[in-house]
Amino acid sequence: MFIASKFARMRQVLSTFKGSWKVFLAVAAILSLQLISAGQLRLCGAVLIGALLNFFYFLSTAARLEAAANSPAPQAKKIMLIGLLLRLAMIFAVLAVAVHISTELFLASAISFGVFYLTTLFILARSEVRKKF
């Protein structure tokens, strides 16, 4: 019962992104076209890495928020703190690997993550505004 309700809520959150796939596609296309026009075709993979990193960051955040919402306050605080540390470690690990490969790859991955993170925030804010009206 609890797992079914958790999946239902997760589907609701993910449906926001399913309906907004065009925004993510447009952002990825713009980033990729900028790299291609600059002659940096090899960095298009870094854009994908940044986008995937943001996707897993978002899913991890959503799962932690769900767990914290269903827990008592002291346990919720601990869940959120552990979640924050895990997400920061995940970002650090991926970007640390990227910086060891090349500085350009690191910058492309970090900028891509930032752009997709801002896109995620924009989509969430837009979906909340739509719910009110």
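No continuous path of hydrophobic side-chain contacts links Phe113 to Leu84 [ILVMFWY only; heavy atoms under 4.5 Å]. The hydrophobic cluster containing Phe122 also contains Val115, counting ILVMFWY residues as joined when their side-chain heavy atoms lie under 4.5 angstrom apart, directly or transitively.
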Pairs under 3.5 angstrom only: tabulate donor-acceptor contacts from the side chains of residues 73-82 to other protein residues two or more places apart or in another chain.
none

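In terms of heavy atoms, Ser32 sits closest to Cys44 at O-SG, 4.1 Å.
Checking Leu107, Ile111, Leu35 one by one against Leu43, the side chain to side chain contact (heavy atoms under 4.5 Å, CB included) holds for a single residue, Leu35.
Atom OG of Ser109 sits about 9.5 Å away from atom CG of Leu48, to the nearest 0.5 Å. Distance OG1/Thr119 to CG/Leu31: 8.0 Å, rounded to 0.5 Å. Note that the CG atom of Leu121 and the CZ atom of Phe116 stand 13.5 Å from one another [nearest 0.5 Å].
Listed by first and then second residue, the salt bridge (Lys or Arg N to Asp or Glu O under 4.0 Å) pairs involving residues 97-113 are Arg42-Glu104 (not counting sequence neighbours).
Under a 4.5 Å side-chain heavy-atom cut-off, the cluster of Ile, Leu, Val, Met, Phe, Trp and Tyr residues that includes Ile36 is completed by Leu41.
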